[in-house]
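The structure under discussion appears below in the form of structure tokens.
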Amino acid sequence: MASLQPVRGTHDLLPEQNRLHDHIAETARAIGELYGYHRMTTPIFEFTDVFARTLGDTSDVVTKEMYSFEDRGGEHITLRPEGTAGIARAYISNGMQQMSPVKVSYIGPMFRYERPQKGRQRQFHQIGAELLGVEQVAGDVEMIAYGAHILKQLGLWDDVTLELNTLGDPESRAAYRTVLVDYFKGHFDKLSEDSRTRLDKNPLRILDSKDEGDRELVANAPLFADYLNENSQQFFKGLTEGLGDIGIAYQLNPRLVRGLDYYCHTCFEFTTNTLGAQGTVMAGGRYDGLISTMGGPQTAGVGWAAGVERLALMVGEAPPAARPVALIPMGDDAERHCRKLAQDLREAGIAVELGYAGNMKKRLKRADKANARLAVILGDDELAKGVAQLRDLDNSDQREVALNVLIETVSKG
RNA sequence: GCGGGUGUAGCUCAGGUGGUUAGAGCACCAGAUUGUGGCUCUGGGGGCCGUGGGUUCAAGUCCCAUCACUCGCCCCA
């Protein structure tokens, strides 16, 4: 093993893997265009405050997973652990409420100081989308449809389940939270150690505990559905109806929660059992309180994010690259002629593999390895006659083609 | 941050109870075939056996530490 290791939790994306990532990014971008979402890019680092304020000081992401540092000017900087906070900050910085509704997508590296596992790295990539300024449930439906469309396009639909829940509006959630905390306090001695700390920090998370004892308590816990006010019920009904209208199946999961206060109403995750413990492929929800929490105008918001590495694990292989045409010159004159020919072919949109050296055997071998579909063999004899040998590398058919119709012939395949 | 597993060639992995020059397949390079690839055959290059320390006459093998990956918890995409 080489002594030069990459930093823990970081990985090189070698060309093949990079192509898979590009495929996912491009699929997400193209689908986004169909829904009217356009790419925007925010900085990879922000003032620490941007994340500390939006993620809340109780979340693990903020308390122990951020890459924070002081820059040379003494500013407190953090590498972004997720994408939404930066978009929200940009919305405020640029007065984007003028453009409401704002429909954007993004892709980029994120950083979290976590214990690495398969599908969980310290530098990873997310695609995501945000819809700002739409309070109608139609926005939530569109968001889910958009995410689902990407998963379908990537061929992952059969491996994925849409789990759905509502967090209600702030009033409903506050009411539920109170009875839930009371309930668990009544059974404090039976709670797991993790959940005891959650009781203060993030009581809703107890619903999602994997501890056996917790699960028994949770089974008898008060139901959120019983504490939803009229407004919240109507909103959730609109969501399920909307999904029904466009034929997206979902599974209700009352234990699906978010911890932070600015989340409300819609909460969804696309999950899979093909990735072990890292089962969440795409997650999102409504966050009407986020922008105002950051000091901007009260602005409704819905969004989702998905981990590119996890998607890549599921997709497995990138679609094959375009098959090039290999040029095989023999001799100096032919070499020079091929230089020009390669340029012309490339400018005509044809991928060209130009062997840099070697005899014909080596060059053909290399052409084969490059998965070339055709080889253009050009030697002194051919040059003198104004022709080239055009060899089909799949079936070994070889024929003579006049140089002045070569590009045309190759273009036709 | 907590608990378990694994680190031998570029990749996938063999190397009972410690024993002398560490192996295979794939990949790579060359030749058989000097202007014709894939298939086949022959040969070749590649290893601080993750790293550091310890036990021993002797360590890839046993012990400790450390680093990385990995499975689960936590958290989350």
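Quick caveat: nothing in here was measured; it's all calculated off a predicted structure. Letters go in sequence order (proteins before strands), and every chain restarts at 1. What you see below is based on every heavy atom in this structure, not just the backbone, and it leaves out hydrogens, waters and symmetry mates.
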Counting distance only, does the side-chain N/O of [X] pair as donor-acceptor with the main-chain N or O of [Y] below 3.5 Å?
X        : Y        : answer
A:Ser195 : A:Arg198 : no
A:Glu382 : A:Gly379 : yes
A:Glu82  : A:Thr84  : yes
A:Ser209 : A:Asp211 : yes

Among [options], which nucleotide has an atom closest to any side-chain atom of [X]?
X        : options             : value
A:Gln389 : B:U36, B:C71, B:C75 : B:U36
A:Leu364 : B:G37, B:G35, B:C75 : B:G37
A:Met360 : B:C29, B:A77, B:G35 : B:G35
A:Arg112 : B:U36, B:C28, B:C76 : B:C76
A:Arg205 : B:C75, B:C71, B:C76 : B:C76
A:Arg115 : B:C76, B:C71, B:U36 : B:C71
A:Pro116 : B:A77, B:U70, B:G72 : B:U70

So [X], base contact, sugar-phosphate only, or nothing? Heavy-atom distance under 4.0 Å.
X        : value
A:Arg310 : base
A:Arg391 : base
A:Asp394 : base
A:Glu193 : nothing
A:Val281 : sugar-phosphate
A:Asp380 : base
A:Ala367 : nothing
A:Gly358 : nothing
A:Gly119 : base
A:Leu311 : nothing
A:Glu309 : nothing

What is the distance from [atom1] of [X] to [atom2] of [N], rounded to the nearest Å?
X        : N     : atom1 : atom2 : answer
A:Met66  : B:C76 : CE    : C1'   : 15 Å
A:Arg122 : B:A77 : CZ    : C1'   : 17 Å
A:Arg8   : B:U51 : CZ    : P     : 19 Å
A:Lys369 : B:A27 : NZ    : P     : 9 Å
A:Asp333 : B:G35 : CG    : P     : 17 Å
A:Phe268 : B:A77 : CZ    : P     : 11 Å
A:Gln117 : B:G4  : CD    : C1'   : 12 Å
A:Lys210 : B:C75 : NZ    : C1'   : 9 Å

Specify the closest pair of heavy atoms between A:Ile350 and A:Val325, including all atoms of both residues, with the distance to one decimal.
->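 Shortest heavy-atom separation between A:Ile350 and A:Val325 comes out as CG2-CG2, 3.8 Å.
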Work out which heavy atom in A:Asn165 is nearest to a heavy atom in A:Arg255; give both atom names and the distance.
-> ND2-N, 4.4 Å
Just wondering, do A:Phe47 and A:Glu75 contact through their side chains at under 4.5 Å, heavy atoms?
-> yes
Should A:Leu217 and A:Phe184 count as side-chain neighbours, where that means a heavy-atom distance under 4.5 Å?
->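 In contact.
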Distance check, [atom1] atoms only: [N] and [M], in whole angstrom units.
N     : M     : atom1 : answer
B:G46 : B:A22 : C1'   : 14 Å
B:U20 : B:U61 : P     : 13 Å
B:G16 : B:G60 : C1'   : 14 Å
B:C75 : B:G18 : C1'   : 44 Å
B:A30 : B:G45 : P     : 15 Å
B:G37 : B:A24 : C1'   : 28 Å
B:A14 : B:G7  : P     : 8 Å
B:G54 : B:C69 : P     : 28 Å

Over-ring placement of A:Arg196 relative to A:Phe188, 6.0 Å and 45° cut-offs =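 That pair qualifies as a cation-pi contact.
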Among A:Glu130, A:Glu33, A:Glu142, whose salt bridge (charged side-chain N to carboxylate O under 4.0 Å, His left out) with A:Lys103 holds?
->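 Checked A:Glu130, A:Glu33, A:Glu142 against A:Lys103; only one passes salt bridge (charged side-chain N to carboxylate O under 4.0 Å, His left out): A:Glu142.
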Using 30° and 60° as the class limits, which term best fits the ring planes of A:Trp157 and A:Phe270: parallel, tilted or perpendicular?
-> tilted
Are any of the side-chain nitrogens in A:Glu46 or A:Arg89 under 4.0 Å away from the carboxylate oxygens of its partner?
-> yes
Tell me, please, which residues at least two apart from A:Glu269 pass side-chain hydrogen bond (donor to acceptor under 3.5 Å, both in side chains).
->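 Listed in chain order: A:Arg258, A:Thr280.
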Of A:Ser209 and A:Ala283, the one whose closest RNA chain B nucleotide lies more 5' = A:Ser209
For RNA chain B, whose closest nucleotide is more 5', that of A:Ala306 or that of A:Leu393?
-> A:Leu393
Check whether the side chain of A:Glu114 and the base of B:A77 form a donor-acceptor pair under 3.5 Å.
->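 Result: at least one qualifying N/O pair found.
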G-U wobble or Watson-Crick pairing nucleotide for [N] (cut-off 3.5 Å, both distances):
N     : value
B:G23 : B:C13
B:A68 : B:U6
B:C73 : B:G1
B:G18 : none

Between protein and nucleotides 31-34 of chain B, what N or O pairs are separated by less than 3.5 Å?
residue	atom	partner	partner atom	Å
B:U33	O2	A:Lys361	NZ	3.2

When A:Val405, A:Leu406, A:Val401 are each screened for side-chain contact (heavy atoms from CB on, under 4.5 Å) with A:Leu403, the one that passes is A:Leu406
Taking RNA chain B as the partner, which of residues 11-24 of chain A come within under 4.0 angstrom of it by heavy atom?
-> none
